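One structure below.
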Amino acid sequence: MAKKYNFYAGPAILPQEVMKKAQDELLDFNGIGLSILEISHRSKDFDAVITTAEAKIRSLLGVPENFTVMFLQGGASLQFGMIPMNLLKGGKADYVHTGEWAKKAIKEAKLFGTVNVAASSEDKNFSYIPEKFGFSPDAKYVHVTSNETIGGIQWTQFPDTNGLPLIIDMSSDIFSRRIDFKDIGMIYAGAQKNIGPAGVTLVIMRNDLLESCADGLTTMLSYKTHAKEKSLYNTPPCFAIYIIKLVMDWIEGLGGLAAVEKINDQKAQAIYDAIDHSDGYYRGTANPKDRSKMNVTFRLPSEELEEKFINDAKKAGFIGLKGHRSVGGCRASIYNAMGLDGVKALVQFMEKFAKENK
Ligand SMILES: *Cc1c(COP(=O)(O)O)cnc(C)c1O
């Protein structure tokens, strides 16, 4: 099979080593003669998986003691609703509007209370991260989207919220860089971009926020349920949690988040350099200082050329370069599991394509 380079935005590339390991153990997990797919979520073998996954998440990300880690379902999209349902209680929350994902989070929050859009980059088609915010002193929390997967913009530094808890959708850049938990009240991420397969959502919540959650909610939509039952109130997505555990082993093997961050910086630099040195053939859509290191969005001189680029790239083994249907253009998603070699190969292809398709 010819080598394929996977640039899909999500579900997305996983480390080959992780998939190989899962393949090796698929029929016989831990020598028990059964598959991880067919054992009880209350068995001691699965307990070791979920406990180890949590411990590694905590140590790699530097999660403080006073935070609870949960493995939930329903994707990041369910979090858009669960957050205000549990925390707003008819009050007010501040949201920073940076694109398609922030928009969906705002829409859900409006069902449960008052939303103050504290800043927005809609005036320039969501091509930048705002720098001035009108936070409300009485807001229950401030919500931001760490990396806008569709628009290709990313926060470098989160805003100073003056003590309000920051809630961050990190679906597309969690574990891509180190984070400082100082102002953070909660982070959450659908797994399928950087840390695993679809089906599990990682939620990490500060305990005082957890305790403040509304009572009387339907059981499955209450954070308190999942915190109390250690994500085992009902059957969790066992296999997806197992893959997260393997991805954490892989990140440890790379040297942890500082090492991952360094590689991601090099990858982003390589591809944005190629864009910037193309004499305007490729045009990055994001404000240079807010460019995402995970999702590189760019245009070509015409839509016809974009289509040809995507098709030729596919023939050459570069898969998933089409931009999101809502914005068009091209997008190269270069999550953790994409190596510098893959990015360099893409850069070479881009240079060749530009020369041959003036
Ligand atoms: C993909 C994505 C989501 C939606 O995730 P689902 O798991 O499909 O619900 C939300 N936010 C961001 C930033 C994303 O990239």
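Basis for what follows: all heavy atoms, side chains included, without hydrogens, waters or symmetry-related copies. As the structure lists them, so they are numbered: ligands from 1, and atoms in each ligand from 1. Remember, it's a predicted structure, so these values are computed and weren't measured experimentally.
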Go through the structure and list residues passing ring-ring contact (aromatic ring centres under 6.0 Å, His included) with Tyr242, not counting sequence neighbours.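 Counting only residues at least two positions away or on another chain, Tyr242 forms a ring-ring contact (aromatic ring centres under 6.0 Å, His included) with Phe29, Phe239.
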Answer yes or no for Lys293 and Trp155: cation-pi contact, defined as NZ/CZ to six-membered ring centre under 6.0 Å and angle to ring axis within 45°.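 The answer is no; the distance or angle limit is not met.
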I'd like the contact residues of ligand 1, where contact means a heavy atom below 4.0 Å.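 Ligand 1 is contacted, at a heavy-atom distance under 4.0 Å, by Gly75, Ala76, Ser77, Phe80, Trp101, Thr145, Asn147, Thr149, Asp169, Ser171, Ser172, Gln192, Lys193.
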Pairs flagged by side-chain hydrogen bond (donor to acceptor under 3.5 Å, both in side chains) wherever residues 118-128 is involved - sequence neighbours left out: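 Applying side-chain hydrogen bond (donor to acceptor under 3.5 Å, both in side chains) to every pair that reaches into residues 118-128, excluding sequence neighbours, yields Asp123-Tyr128.
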Glu108: side-chain contact (heavy atoms from CB on, under 4.5 Å) partners, not counting sequence neighbours: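 Listed in chain order: Phe80, Leu111.
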Grab the two heavy atoms, one from Asn194 and one from Ile174, that are nearest each other, plus how far apart they are.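 Distance-wise, the nearest heavy atoms are ND2-O, 3.2 Å.
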Would you call Asp94-Lys140 a salt bridge at under 4.0 Å N-O?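 No, this pair does not count.
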